[in-house]
2 protein chains.
Amino acid sequence: METAQLSRKDQIDQTATALFRTRGFAATSMRELAAALGMEAGSIYSHIRSKEELLHRICFRLADEFFAGFDAASADAALPAARRLRRAVESHVWVLTNDVAASAVFLHEWRHLSEPARTEFLALRERYEAGFRELIAEGAAAGELFTLDPAFAALTLLASLNWLPTWYRPGGSLTTSDIAHRLANQLLFGLEVRL
Amino acid sequence: METAQLSRKDQIDQTATALFRTRGFAATSMRELAAALGMEAGSIYSHIRSKEELLHRICFRLADEFFAGFDAASADAALPAARRLRRAVESHVWVLTNDVAASAVFLHEWRHLSEPARTEFLALRERYEAGFRELIAEGAAAGELFTLDPAFAALTLLASLNWLPTWYRPGGSLTTSDIAHRLANQLLFGLEVRL
DNA sequence: TTTCTTTGCTAACGAACGTTAGGATTAGTA
DNA sequence: TACTAATCCTAACGTTCGTTAGCAAAGAAA
């Protein structure tokens, strides 16, 4: 009972995610979504309450995943900050590549959330970025990293990572692990102090 | 006559740019745009042919500016590739900060162009990215830059730059020139060979 | 067998959409 | 003065939008 419902709901979520990603939330109609699922528009409402609920679920699920990954990566306070930062970068890449479509929606379509969800979302995002900022600041204070401005560095770093969904295609020649390492290297070799 | 028409047209372009940026192209209605201009929706069509024409003009004007800046920055073949790359990065930042709203539209709303404009736009964009790729490859071949993969490096570099419109606000504490230098430093010190 | 849940349909609602037609006003030009 | 171009209006067009109501089939649970 519960499983069957969730299964169909998940199909809807997944198809909606793909459409929101390629056409954008506002430009995707419920009739388009229904057609992609092989059903009629009205039928979708047996499973969801509103179109925005779909967007809400996508955005906040991804936010959860980013936080869970970051927390796991940065939990071990015994590690040097630079090492924790590298792990956090790799976790971010992992979440991104694990579901590129949802990530793209998370990054670009959140603005179509209405209040208060929008404000709540932005607060989460700010908190997440603050995590990176603090790791960088900590690493800079410990002499492991070099940057004039941790906030600036964090923005630039996340920017590079967040561009990934626009070019990454699953099944390419690079594994997600390759990508994570390369990105971390390219970004951190600009930050890490070399003897 | 011509000036007056262009002036009003420019007002429309500018207001449309701001709305497309904050609400997205698809979610911005002509009635909203008209209200922001203090006029009625139908009146706009004395100045433009269609809503998409507005988007088209924004996207392709920015593309022109990016190309003009890049060409000027990389024209002097006597300069080392790394130096030309730095100038290209600074030019990119200059175009971005010179009109953040239009840049954000250029970066995020082009997908709402219909064919053949969309394909044409993507070709321009690809050509622009290729310019950076080639500068990086050239610098790598000359031993001025270090990267395992010029394409990868170019993507990451442009990603950092293109995130700028999401956080930059004109009139902040940093001048655009400061920003350009800092970004170029942060990105190139990860690429430039240090003795 | 009866009951309930899941899933889907058709038909329609009111609202909003981009766009157009046709006319009015205004300011500058000849 | 007459003419032209620019600017904007009202009213409406056909379409599409998100969503709802009411009903039906189908399978699982009792």
Side-chain angles (χ1 to χ4, degrees), chain A residues 1-59 105 109-118, chain B residues 1-59 105 109-118:
Chain A
M1 43 168 82
E2 192 73 353
T3 24
Q5 185 192 21
L6 284 182
S7 169
R8 192 44 165 160
K9 216 178 179 181
D10 283 350
Q11 279 182 49
I12 294 174
D13 278 358
Q14 204 169 317
T15 309
T17 302
L19 284 174
F20 291 169
R21 186 242 189 121
T22 54
R23 328 225 333 130
F25 175 77
T28 302
S29 74
M30 294 304 282
R31 285 166 179 87
E32 253 182 298
L33 172 58
L37 285 158
M39 60 198 299
E40 295 297 320
S43 311
I44 300 182
Y45 288 85
S46 300
H47 305 274
I48 66 167
R49 262 186 296 271
S50 69
K51 183 187 177 187
E52 184 172 339
E53 188 192 286
L54 291 169
L55 179 61
H56 189 283
R57 199 161 34 239
I58 297 167
C59 289
V105 172
E109 306 298 327
W110 57 265
R111 53 168 110 218
H112 296 110
L113 291 169
S114 51
E115 298 297 351
R118 188 186 146 113
Chain B
M1 44 168 82
E2 191 73 355
T3 24
Q5 186 190 21
L6 285 181
S7 167
R8 193 45 165 162
K9 216 178 180 180
D10 284 350
Q11 279 182 49
I12 294 173
D13 279 358
Q14 205 169 317
T15 309
T17 302
L19 285 174
F20 292 169
R21 187 243 188 122
T22 54
R23 329 227 331 131
F25 175 77
T28 302
S29 74
M30 295 304 282
R31 285 167 178 84
E32 254 183 298
L33 173 58
L37 285 157
M39 61 199 297
E40 295 298 319
S43 310
I44 300 182
Y45 288 85
S46 300
H47 305 274
I48 66 166
R49 261 185 299 269
S50 69
K51 185 187 176 187
E52 184 173 338
E53 188 192 286
L54 290 169
L55 180 62
H56 189 283
R57 197 158 39 235
I58 298 167
C59 289
V105 172
E109 305 298 328
W110 56 266
R111 53 168 109 222
H112 297 109
L113 291 169
S114 51
E115 298 295 351
R118 189 186 144 113

D:dC17 C1' sits how many Å from A:Lys51 NZ, rounded?
8 Å
Provide the full list of ring pair (Phe, Tyr, Trp, His ring centres under 6.0 Å) pairs with a residue in residues 27-46 of chain A, sequence neighbours left out, each pair given once.
none
Can you list the residues that meet the side chain to side chain contact (heavy atoms under 4.5 Å, CB included) rule with B:Ala18, with sequence neighbours excluded?
none
Would you please test B:Ile44 and B:Arg8 for side-chain contact (heavy atoms from CB on, under 4.5 Å) and show each step?
CA-CA 10 Å; B:Ile44 300 182; B:Arg8 193 45 165 162; over 6 Å; no
Length of the NZ-P vector between B:Lys9 and D:dA5, whole Å:
16 Å
Between C:dT7 (P) and A:Arg8 (CZ): distance, integer Å
8 Å
Expected rows: protein N/O vs nucleotides 21-25 of chain D N/O, under 3.5 Å:
none

Considering only C:dT19, D:dT7, C:dG8, which nucleotide approaches the side chain of B:His47 most closely?
D:dT7
Compare the minimum distances between each of D:dG18, D:dT10, C:dG18 and the side chain of B:Glu40, then state the nucleotide with the smallest one.
D:dT10
Expected list for residues 14-28 of chain A near DNA chain D, using heavy atoms below 4.0 Å, is A:Thr28
Taken in chain and number order and not counting sequence neighbours, the residues that satisfy side chain to side chain donor-acceptor pair (under 3.5 Å) with B:Gln14 are none
Nearest whole Å is fine: how far is C:dT6 C1' from A:Gln11 CD?
13 Å
Along DNA chain D (nearest heavy atom to each residue), the more 5'-positioned of A:Ile48 and B:Gly38
B:Gly38
Look at the side chain of B:Ser29 and decide which nucleotide, out of D:dT19, D:dC8, C:dG18, has an atom nearest to it.
C:dG18
Looking at A:Gly24 and A:Glu109, what are the two nearest heavy atoms and their distance?
CA-OE2, 3.7 Å
Is there a side-chain polar atom (N or O) of B:Arg49 under 4.0 Å from OP1 or OP2 of C:dT19?
no
ring-ring contact (aromatic ring centres under 6.0 Å, His included) partners for A:Phe25, two or more places apart:
A:Phe20, A:His112
What residues 30-37 of chain A contributes to the DNA chain C interface at heavy-atom separation below 4.0 Å is A:Arg31
Sequence neighbours excluded, which residues qualify as side chain to side chain donor-acceptor pair (under 3.5 Å) partners of A:Arg57?
A:Asp13, A:Glu53
Rounded to whole Å, CD1 of B:Ile12 lies from C1' of D:dC8 at a distance of 11 Å
B:Tyr45 side-chain proximity, nearest of C:dT19, C:dC9, D:dT19
C:dT19
Atom pairs and distances, donor-acceptor, side-chain atoms in residues 31-41 of chain B, under 3.5 Å, two or more places apart:
unit_1: B:Glu32; atom_1: OE1; unit_2: B:Ser29; atom_2: N; d: 3.2
unit_1: B:Glu32; atom_1: OE2; unit_2: B:Arg23; atom_2: NE; d: 2.7
unit_1: B:Glu32; atom_1: OE2; unit_2: B:Arg23; atom_2: NH2; d: 3.3

